[in-house]
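Quick note: numbers below take in every heavy atom, side chains included, and nothing from hydrogens, waters or symmetry partners. The first residue in the sequence is number 1, and the count goes up from there.
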Amino acid sequence: MIARMLSAPGRPRRLAAGLILLSIAGCHGIGKSHEAKHIPQYGVIDPTQARELHKVPFPPHVVEPPDELEIAVKPPIFDGGPATVVVQADGFLDLGFAGDVFVTGLTLAEAEERIALHLAGSRRPAGAG
């Protein structure tokens with residue numbers, strides 16, 4: 001039995017012509033998509049990436065409800081160590097017997113100073129002027 005490949009006349013010529021055209025033209029379409037995904041090498045600055053020397057610190061934290069502040073007083077006037085106090089919705093800290101202190105809108109350093117002044121004022125004896 002003899003097997004033959006049946007093909008239309010002229011088909012091998014069209015296939016050969018197509019291969020020659022591909023080899024001459026090259027695959028420029030594939031190369032362009034690769035260039036679009038090209039990763040820049042060393043020495044090229046990508047403006048979309050974070051820069052180590054352009055970092056800036058965050059602004060100071062401003063106390064707002066419902067922040068939790070840990071208050072430690074030395075010598076302690078509370079029963080134990082540090083007390084965790086929540087800033088209430090009205091902006092005040094409830095310090096128990098020491099009273100309330102308004103701290104909303106202050107930075108942490110300003111709130112610390114205001115609490116210290118309030119506690120120093122509440123420690124005075126009743127007859128002191």
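A single hydrophobic cluster is seen to contain both I71 and V87, as judged by linkage of ILVMFWY side chains at heavy-atom distances under 4.5 Å, directly or through other members. Hydrophobic clustering (side-chain heavy atoms under 4.5 Å, transitive across Ile, Leu, Val, Met, Phe, Trp, Tyr) groups V101 together with L108.
When the side chain to side chain contact (heavy atoms under 4.5 Å, CB included) test is applied to Q88, the partners found at least two apart in sequence or on another chain are D90, F92, D94.
Within a 6.0 Å radius of CD in E113, other residues, nucleotides and ligands contribute 12 heavy atoms or fewer.
In terms of heavy atoms, V86 sits closest to P66 at CG1-O, 4.0 Å. The minimum heavy-atom distance between A98 and L119, with the atom names listed, is CB-CD2, 3.5 Å. Considering all non-hydrogen atoms of both residues, D67 and V62 come closest at OD2-O, 3.8 Å. The two atoms that bring G91 and T104 nearest to each other are CA-OG1, 2.7 Å, heavy atoms only.
Side-chain contact, D100 with H118: no donor N or O sits under 3.5 Å from an acceptor N or O.
Taken to the nearest 0.5 Å, the CG atom of L93 stands 5.5 Å off from the CG atom of L69. In this structure, the separation between CG on L117 and CD on E112 is 10.5 Å, given to the nearest 0.5 Å.
Looking only at side-chain heavy atoms (C-beta outward), R114 and L106 come within less than 4.5 Å of each other.
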